[in-house]
**Q** 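One structure, pasted below without further comment.
These values consider heavy atoms only, across backbone and side chains, with no hydrogens, waters or symmetry-generated copies. Residues: numbered from 1 along the sequence shown.
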Amino acid sequence: WVGQMAAGIAHEIRNPLMSIKLIVQTAAERKNGFKVRDFEVLEEEIRRLEWIVTGFLDFARPPRLEPQEVHLNKLVEGTIETVQV
């Protein structure tokens with residue numbers, strides 16, 4: 001449930017961020033009376049928010065499974081030892 005919630009939040013945040021980023025990049029190229037540093041700061045903050053959104057998405061994704069060879073006898077023996085304790 002938490003993973004699905006994080007994915008939903010990330011989706012809702014990312015869409016407006018992309019629009020804002022494009023507008024800021026375009027305005028910076030035109031230099032509409034703003035200082036270039038203002039736009040640099042805005043872009044840095046947008047990148048920071050994108051990093052946060054990526055963290056939410058990483059949390060929401062199921063872990064990648066990596067199949068491995070297992071020695072069944074050792075697995076059963078370990079399980080029995082754990083249960084006997």
**Q** Taking side chain to side chain donor-acceptor pair (under 3.5 Å) as the definition, give me every residue that meets it alongside N15, ordered by chain and number, with sequence neighbours left out.
**A** H11

**Q** Using distance only, find each side-chain donor-acceptor pair of residues 39-51 under 3.5 Å and give its atom names and separation, not counting sequence neighbours.
**A**
unit_1, atom_1, unit_2, atom_2, d
E40, OE1, R37, NH1, 3.4
E44, OE2, R37, NH1, 3.1
E45, OE1, R48, NH1, 3.2

**Q** Testing the basics here: between L57 and A7, what is the closest heavy-atom pair and its distance to 0.1 Å?
**A** CD2-CA, 4.2 Å

**Q** Suppose we screen for side-chain contact (heavy atoms from CB on, under 4.5 Å). Which residues come up paired with L72, at least two apart in sequence or across chains?
**A** L75, V76

**Q** Indicate, with yes or no, if I52 and I20 share a hydrophobic cluster defined by side-chain heavy-atom contacts under 4.5 Å among Ile, Leu, Val, Met, Phe, Trp and Tyr.
**A** yes

